[in-house]
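Here the structure is a predicted model, which means the values were calculated and not measured. Reminder, nothing fancy here: chain letters follow the sequence lines and each chain counts from 1.
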Amino acid sequence: MWRYTVRRILQMIPVLIGTTFIIYAMVFALPGDPIQALAGSKPLPQSVINALHERYNLDDPLVVQYAKYMANAFQGDFGETFYGQSVTSALESRWPVTLKLALVAWVFELVAGVTLGVWAGLRRGKFTDRVILGGTTLIIAVPTFVVAYSAQLLLGVKWDIFPVAGTQEGWVSYILPGIVLGSFSLAFVARLVRTSIAENLRADYMRTARAKGLPKHRVVVRHLLRNSLIPVVTYLGVDLGSLMSGALVVEAVFNMPGIGQGIFQAVQTKQGTLVVGVTTILVLIYLFANLIVDLLYGVLDPRIRYE
Amino acid sequence: MSNTQSGTAAATATTGGTVAGRSASLAGDAWRELRRKPSFIAGLLLLLLVGSMAAFPSLWTSREANEQCNARMAKTGPESLNPFSGSEHPFGFDVSGCDYWAQMVHGARAPIVIGITVTLVALLLSVLLGSLSGYYGGWLDMLISRITDIAFGLPFILGALVVLTAFPEHDIWAIVLVLSAMMWTTMTRLMRGQVIAAKDQDYVHAAKMLGASDLRVIFRHILPNAIAPVFIYATLNIALAISAASVLDFLGVGLDYPSLSWGVQLADAQAEFLEHPYLMVYPAIFLSLTLLSFLMLGDAVRDAFDPKLR
């Protein structure tokens with residue numbers, strides 16, 4: 001187990017370097033000169049340009065620039081934006097927003113997805129199953145931003161159940177955006193659970209459990225669920241990371257000052273260091289989520305052994 | 001050993017020898033089951049409808065894209081909510097005063113072409129890379145797997161956003177290129193796993209012993225038995241690619257004017273949503289129905305090919 005963990009962490013390094021380098025190269029290959037953009041249409045004195053180039057290593061070859069940047073990043077210094085603000089402080093107020101949003105979405109997709117999936121799986125082929133299956137297909141088919149706008153118009157503006165936008169009202173303002181953000185994955189979770197339940201219902205151990213005369217809820221909860229939920233753990237674990245990077249659209253519609261909005265502005269204003277900093281953190285979250293999921297696998301299913 | 005024989009062998013093996021009677025190949029069984037499925041038929045019909053809009057827009061409207069527009073009529077909603085009321089402009093007018101129904105019909109081509117091309121490119125890449133890395137293993141597998149990991153680790157929307165901002169021109173092919181670069185990973189992993197599972201089967205050893213070359217073993221024996229799950233995922237991938245393209249349009253890094261697509265129309269409608277919801281409702285319905293038809297087809301095909309759930 002210990003050796004497995006170390007090996008997995010070592011394997012993360014090339015992935016982290018690869019992804020961040022691709023983004024770094026792309027961001028700094030963006031057409032347009034960010035230094036000039038800073039000054040507007042006025043010409044900058046050559047000495048100022050030189051000083052700024054020096055400060056952001058813009059004259060080095062790309063690989064050297066990248067290496068210098070990453071060396072600093074791993075000491076917790078993600079660099080400065082071209083406005084002189086440090087990336088860490090530019091994002092400080094944004095992380096909690098996205099984190100809360102992703103968490104609400106995640107809890108929603110976990111609870112609702114597993115419930116719907118189990119319900120449909122136990123009644124496979126019946127009416128409930130068809131309705132849930134059709135409903136999840138519909139959720140996948142309607143684009144997230146359409147769902148977001150419709151929810152905002154109906155539940156926020158017309159019926160006034162939830163706050164329309166912003167984050168002023170604390171956790172309450174995260175409920176609607178969270179549900180919208182989680183709805184897409186909810187459909188996948190429900191389908192995954194349904195298939196898994198339907199397959200395991202026919203397993204031999206289920207017949208044994210029933211033949212022993214165990215009460216129905218015990219058969220379902222202890223025997224069926226424990227075996228069926230393992231594939232779902234993989235999906236849910238990895239999804240927490242993708243929810244954070246996918247929050248962009250929902251944050252835009254509900255006007256929430258989160259990471260997604262920050263990235264969007266950063267890309268448009270060519271704030272390269274900001275984009276790369278956020279990407280690095282998102283990739284790290286994704287990689288560690290993967291690792292934790294794989295380790296959890298062994299706990300949930302004792303048949304899996306790590307060498 | 002021919003294709004159909006090995007297919008039959010696999011089908012018989014996976015269903016535990018219960019397949020009997022007529023030509024009982026997996027594909028034949030699947031087809032017989034599909035023909036009886038209402039959701040498959042419905043999905044197919046919907047797709048034909050949308051496909052004909054994409055291929056021959058003149059069948060559905062006499063107007064050209066972005067033509068005969070009248071700025072004075074901009075944002076005028078439909079006279080009646082019933083699209084068959086015989087009105088000349090059943091969907092009203094868009095933000096620039098063009099007939100919304102005509103714009104809707106012309107908006108079909110971009111998403112369909114993007115969805116199908118992205119999936120074809122990704123499918124080709126994944127079959128090639130997946131079978132190479134699964135079959136040969138060793139350093140090649142190591143290399144391809146690590147590259148797949150890197151591409152898979154890139155945050156999807158963020159990656160596309162950065163790359164597209166760097167693109168000078170946002171036509172269909174720029175979107176196709178970016179989405180294909182992001183969407184080949186899942187299928188490659190699937191393909192690799194399938195090839196690894198298939199390459200140790202008896203029929204592969206038999207073919208090798210008879211002196212078949214690597215290429216022949218891969219293409220004639222392994223691929224026909226390994227590719228079904230990848231194809232099934234590919235139908236889902238078409239829907240995902242269309243959906244992703246519409247998100248890019250929404251974020252303003254998708255197609256540029258004068259290209260038309262439902263995603264662009266949705267993006268244009270955002271600002272008007274509170275006053276003129278119909279501007280968003282119509283393209284949303286078209287886009288969702290298209291995605292729905294691909295999803296229904298994918299579901300039906302998966303159920304038909306998965307003997308475990310039969």
Checklist entry - Is it true that atom CZ of B:F156 has more than 12 heavy atoms of other residues, nucleotides or ligands lying nearer than 6.0 Å? => result yes
Checklist entry - Non-hydrogen atoms of chain B under 4.5 Å away: do they reach the side chain of A:F145, the backbone, both or neither? => result side chain
Contacting moiety of [X], where chain A heavy atoms sit under 4.5 Å:
X	answer
B:I285	neither
B:L154	both
B:F294	neither

Checklist entry - Out of B:L279, B:L287, B:D249, B:V247, which residue meets the side-chain contact (heavy atoms from CB on, under 4.5 Å) rule with B:L266? => result B:L287
Item to check | Pairwise distance CE(B:M296) to CD1(B:I41) - rounded to 0.5 angstrom | outcome: 10.5 Å
Next on the checklist: If you count heavy-atom pairs within less than 4.5 Å of chain B, which of A:T279, A:V283, A:I22, A:L287 leads?
Outcome noted: A:T279
Checklist outcome for this item: Per-residue tally against chain B (heavy atom, under 4.5 Å) across A:I23, A:V249, A:I140, A:L282 peaks at A:V249
Item to check | Largest heavy-atom contact set with chain A, pairs under 4.5 Å, which of B:D149, B:I242, B:V253, B:L161 | outcome: B:L161
Checklist entry - For chain A, which of B:I157, B:L158, B:I147, B:T290 has the most heavy-atom pairs under 4.5 Å? => result B:L158
Checklist entry - Got a salt bridge between B:R146 and B:D141, using NZ or NE/NH1/NH2 to carboxylate O under 4.0 Å? => result no
Item to check | Polar contact flag, side-chain donor to acceptor under 3.5 angstrom, B:D299-B:S39 | outcome: no
Item to check | Check: A:F184 ring centroid to A:F188 ring centroid under 6.0 Å | outcome: yes
